[in-house]
Amino acid sequence: MTSTPTADVVMERLLREAAREFPGWAFERDQHGWTAARGEVRLTRPTLAALRALLCLHRGAR
């Protein structure tokens, strides 16, 4: 029988994937959602998925 991963395990995996996909960005979570920071730039969205989508757009605009 296999066990289902806990929400914390899943979030840690998604956070590692985001850090690999967007090197140089620091990710954190608070009561308002997720924030990615690099230098003076801070981007915040309610979900990690929305934040990653925004970072894709930000990366494409550079």
Side-chain angles (χ1 to χ4, degrees):
M1 190 183 262
T2 61
S3 64
T4 303
T6 65
D8 289 338
V9 171
V10 171
M11 288 310 297
E12 281 298 316
R13 181 179 56 81
L14 292 172
L15 193 53
R16 283 193 309 271
E17 287 177 9
R20 259 193 321 272
E21 185 177 2
F22 304 101
W25 288 90
F27 294 88
E28 61 186 47
R29 184 178 185 195
D30 63 18
Q31 68 272 18
H32 302 292
W34 286 89
T35 298
R38 184 172 74 181
E40 296 295 317
V41 177
R42 294 180 62 81
L43 304 171
T44 302
R45 289 296 178 264
T47 66
L48 184 55
L51 182 57
R52 289 175 76 177
L54 179 62
L55 286 169
C56 284
L57 292 174
H58 182 73
R59 178 173 55 197
R62 292 175 59 210

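Count residues from 1 along the sequence.
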**Asked** Where is the tightest heavy-atom contact between Gly24 and Arg38, given as atom of each residue plus distance?
**Response** O-CG, 3.3 Å

**Item:** Minimum heavy-atom distance between Cys56 and Glu21, given as atom pair plus value
**Value:** SG-OE2, 3.9 Å

When rounded to the nearest 0.5 angstrom, what distance separates [atom1] in [X] from [atom2] in [Y]?
X	Y	atom1	atom2	value
Arg20	Glu17	CZ	CD	6.0 Å
Glu12	Thr6	CD	OG1	9.5 Å
Leu15	Arg52	CG	CZ	9.5 Å
Met11	Leu48	CE	CG	5.0 Å

**Prompt:** Do the side chains of Leu14 and Val9 join up, straight or via other hydrophobic residues, at under 4.5 Å, putting them in one cluster?
**Reply:** no

**Prompt:** Between Phe22, Trp34, Trp25, which is the residue that forms a side-chain contact (heavy atoms from CB on, under 4.5 Å) with Leu51?
**Reply:** Trp34

